[in-house]
Amino acid sequence: MTESGIVKACISCGKQVNGQKRMKDSQGKYWCMECGAEDQRKKLMSSGGGSLCGGCGETFPAHQLSKWGSRQLCTSCSRSQSKGPGAMQTIKGLFAGSGGGQNDKGKLIKLGVVVVLLVLVVIWQHTSK
């Protein structure tokens, strides 16, 4: 029991939700966030109005999903997919791997050659003025 004497428990799993984020249905029954979200997903799927996003796994009405290759993606996942990994992820990808194998040395050499070429271009531009 709590100070007020009322125990608020999830109708699905029985977990006490006093003082926690929770849902309350139209009948006044409490749901923990996990069970409530799962119940909403089930209702959406059973009504035929929902499909899973191939990126985040959440359920959305069919009109909120767009085709991306062979997958259906929500707006958020579709947006992040079209942006690409970004510059930092690309640079990190150069050094990601098995941890110092021959392939990593080759990438490092290529990166060094590019840096040297850029420095030479800058020097050439500076001296030709």
Side-chain angles (χ1 to χ4, degrees):
M1 287 231 168
T2 62
E3 290 178 20
S4 63
I6 299 172
V7 175
K8 298 174 184 175
C10 174
I11 191 71
S12 180
C13 69
K15 174 180 159 184
Q16 287 193 14
V17 293
N18 293 59
Q20 298 179 14
K21 279 190 162 186
R22 59 189 178 265
M23 296 179 180
K24 191 174 184 181
D25 65 15
S26 60
Q27 298 170 350
K29 297 175 184 172
Y30 292 102
W31 296 78
C32 67
M33 295 302 287
E34 295 82 18
C35 292
E38 183 61 28
D39 183 62
Q40 287 178 342
R41 266 193 287 279
K42 285 179 184 176
K43 285 179 183 174
L44 187 61
M45 293 299 286
S46 68
S47 69
S51 299
L52 290 177
C53 170
C56 63
E58 293 291 319
T59 305
F60 294 91
H63 71 276
Q64 290 183 354
L65 296 171
S66 57
K67 190 143 178 84
W68 188 271
S70 62
R71 302 184 306 166
Q72 293 282 344
L73 297 179
C74 67
T75 305
S76 178
C77 290
S78 181
R79 226 181 266 134
S80 66
Q81 188 78 23
S82 63
K83 284 183 181 178
M88 286 308 292
Q89 284 300 105
T90 302
I91 291 170
K92 286 179 183 178
L94 287 173
F95 300 103
S98 59
Q102 186 64 30
N103 193 25
D104 291 342
K105 289 179 184 176
K107 288 179 183 179
L108 187 57
I109 290 170
K110 287 178 186 176
L111 184 61
V113 168
V114 170
V115 169
V116 168
L117 288 174
L118 287 173
V119 169
L120 290 174
V121 168
V122 169
I123 292 171
W124 178 71
Q125 287 287 329
H126 185 68
T127 57
S128 66
K129 289 183 180 181

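Position 1 is the first residue of the sequence; numbering continues from there.
Looking at every heavy atom in both residues, Cys32 comes nearest to Lys15 through CB-CD, 4.4 Å. Of all heavy-atom pairs between Cys77 and Cys56, the closest is SG-N, 3.5 Å.
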**CA sep, side-chain torsions, deciding dist, call: Thr75, Arg79, side-chain contact (heavy atoms from CB on, under 4.5 Å)** = CA-CA 6 Å; Thr75 305; Arg79 226 181 266 134; 3.0 Å; yes

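Separation of atoms CG (Asn18) and OH (Tyr30) is listed at 8.0 Å; rounding is to 0.5 Å. Interatomic distance, CD of Gln72 versus SG of Cys53, reported as 9.0 Å (0.5 Å rounding). The OG atom of Ser12 sits 9.0 Å away from atom CD of Glu38, with the distance rounded to the nearest 0.5 Å. Atom SG of Cys10 sits about 14.0 Å away from atom NZ of Lys8, to the nearest 0.5 Å.
Linking ILVMFWY side-chain heavy atoms closer than 4.5 Å, directly or via other members, places Met23 and Ile11 in a single hydrophobic cluster. Connection of Met33 to Trp31 is established within a shared hydrophobic cluster, with ILVMFWY side chains joined at heavy-atom distances below 4.5 Å, either directly or through further cluster members.
Around NZ of Lys67, the count of heavy atoms belonging to other residues, nucleotides or ligands within 6.0 Å exceeds 12.
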